[in-house]
Amino acid sequence: MVEQVVVVGAGVYGAAVSAELARRGARVTVVDTGAPGGGTSGATFSWTNSCGKQPRAYHDISVASMEAHRKLARDVPGGDWYHEGGNLEWGGGDGERERLRRKVATVLGYGYEARWLTRAQVLRLEPDMNPAGLPADEIAYFPAEGWIEPTRLIAHLLSTADVERIWHDAVTGIGVSDGLVTSVRLASGRRLPADAVVNCAGPAADRIAALAGLELPMRNTRGALVHTSPVAVSLSRVIHAPHVHLRPDGAGRLLLHTHDIDGAVRVSDTGETSVEQAAVDKLMEAGRALYPGLSAGGVESVRVGERPIPGDGLPVLGRAPALPNFHFAVSHSGATLSVHAGALVAAEVLGEDRAGELAAFRFERF
Ligand SMILES: Cc1cc2nc3c(=O)[nH]c(=O)nc-3n(C[C@H](O)[C@H](O)[C@H](O)COP(=O)(O)OP(=O)(O)OC[C@H]3O[C@@H](n4cnc5c(N)ncnc54)[C@H](O)[C@@H]3O)c2cc1C
């Protein structure tokens with residue numbers, strides 16, 4: 001019987017898995033090499049969506065995950081880390097417009113909410129937007145999408161769960177005996193007995209798997225995020241314009257991102273990350289072109305996050321057949337998936353059959 005579970009990592013996944021395990025009565029120890037939320041979950045665009053997720057199983061688990069966020073935020077007094085303002089998206093050229101048409105047609109076919117808006121309709125939603133930055137029509141609107149504040153979500157999940165927390169100590173070894181995990185060793189020398197281990201180590205999930213003798217292929221990428229100073233600009237939702245993605249970021253700040261800036265991330269020999277200033281300036285320029293009021297503000301911080309991307313791009317969720325009490329909760333899109341997918345993984349750890357929901361995301365496909 002599973003009584004004592006060790007969860008490795010305290011990002012959105014580790015917090016969600018720990019909270020659900022504790023709610024179901026398990027004794028949980030969650031370990032993080034740093035502070036909770038200090039990994040990718042602290043440097044993410046955190047857009048909640050199921051827009052363009054393929055195959056269908058990935059789309060479906062994303063939709064279920066958006067519903068789980070909605071329900072959690074509704075059920076918790078003050079659950080205001082969740083912002084369901086919708087997402088606006090348009091293409092910059094014929095190719096992008098055609099891709100967007102196909103995406104909208106596909107998700108509509110799945111029964112997902114999406115509609116086309118004109119420039120005039122968008123300006124009623126986003127009155128501070130520069131009309132010249134918008135096409136006359138074919139602006140896709142996905143009203144059920146939004147964004148979360150991951151660090152506040154993590155704080156809520158951990159603060160309401162009866163779990164032992166170990167911060168600033170790394171998992172350095174996993175004891176295995178007779179085909180089962182028996183313990184976890186920490187850098188401090190501590191040894192934690194374990195009836196089960198859940199790997200929620202985000203971009204380091206392959207290293208934790210290796211400690212248990214399992215090979216998890218990962219193709220992580222780094223992304224840069226530009227946080228502005230507070231500005232009196234009305235931005236109420238997630239925007240995907242051709243050269244800039246934006247969302248509100250609390251207290252009047254905006255968060256800017258685009259895949260173009262990711263190529264400007266530099267990593268030094270000692271592992272320090274930086275972003276080329278010219279790329280930051282270009283992104284701010286694109287932001288100001290779309291929201292002229294942003295000219296009154298500057299860059300407050302630039303962060304770099306590492307996307308935890310399993311080898312084939314799909315989530316890895318649930319138990320490892322070769323080591324049945326070692327479990328995975330690892331994916332890109334973790335801001336969207338973690339609350340729901342984490343609960344499925346926790347249920348399976350404690351013996352519940354979640355084979356249907358997890359079938360497409362098993363480790364053994366590698
Ligand atoms: C630029 C960018 C944009 C993104 N945009 C979106 C988006 O719009 N929507 C979306 O849904 N997702 C997005 N993501 C992805 C999403 O943020 C991640 O999938 C999610 O945050 C991963 O959470 P996690 O808990 O798995 O990992 P993390 O938050 O990284 O947590 C893992 C934790 O494990 C700890 N750890 C590592 N090794 C050890 C060890 N040996 N011992 C103990 N602890 C250890 C780390 O310290 C860390 O705290 C984005 C990511 C990036 C970088």
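For ligands, and for the atoms within them, numbers begin at 1 and follow the listed sequence.
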Under 3.5 Å, N or O to N or O, is [X] touching ligand 1 that way?
X	answer
N49	no
V12	yes
A35	no
V171	yes
T33	yes
D169	no

Of all the atoms in ligand 1, which lie at a distance below 4.0 Å from a heavy atom belonging to [X]?
X	answer
A204	37 (C), 38 (N)
S331	19 (O)
A43	52 (C), 53 (C)
A170	42 (N)

Practice prompt. Please name the residue in the list N220, T221, T40 that meets the side chain to side chain donor-acceptor pair (under 3.5 Å) test with E306.
Written response: N220
Discussion item. Centre-to-centre under 6.0 Å for F328 and F326, is that the case here?
Written reply: yes
Discussion item. Ring centroids only, cut at 6.0 angstrom: are H240 and W47 within range, meaning strictly under it?
Written reply: yes
Pair [X]-[Y], side-chain donor/acceptor within less than 3.5 Å:
X	Y	answer
H340	E357	no
E126	Y291	yes
T118	D137	no

Worksheet item: How about H243: does its NE2 atom have over 12 heavy atoms from other parts shown lying under 6.0 Å from it?
Response: no
Worksheet item: Around E215, counting heavy atoms of other residues, nucleotides and ligands shown, do more than 12 lie under 6.0 Å from its CD?
Response: no
Between the candidates [options], which shows the shortest non-hydrogen contact distance to [atom]?
atom	options	result
atom 2 (C) of ligand 1	R303, R307, H332, R207	R307
atom 11 (O) of ligand 1	V7, I154, T336, L211	T336
atom 22 (C) of ligand 1	P308, G11, G202	P308
atom 46 (C) of ligand 1	D32, V30, L337	D32
atom 8 (O) of ligand 1	W167, W47, W147	W47
atom 32 (C) of ligand 1	A187, G39, C200	C200
atom 24 (P) of ligand 1	G334, G42, G173, S41	S41

Worksheet, complete the sentence: Minimal heavy-atom distance between V330 and Y13, with the atoms involved, is C-CE1, 4.3 Å
Just heavy atoms, cut-off under 4.0 Å: does [X] contact ligand 1 by side chain, backbone, both, or neither?
X	value
S46	backbone
S338	neither
E306	backbone

Item to complete: Say whether V330 and ligand 1 are in contact under the criterion: heavy-atom distance to a ligand atom below 4.0 Å.
Response: no
Worksheet item: Taking C-beta and beyond as the side chain, do L211 and T172 meet within less than 4.5 Å on heavy atoms?
Response: no
Worksheet item: Among protein heavy atoms, which lies nearest atom 50 (C) of ligand 1, and at what distance?
Response: T44 OG1, 3.2 Å
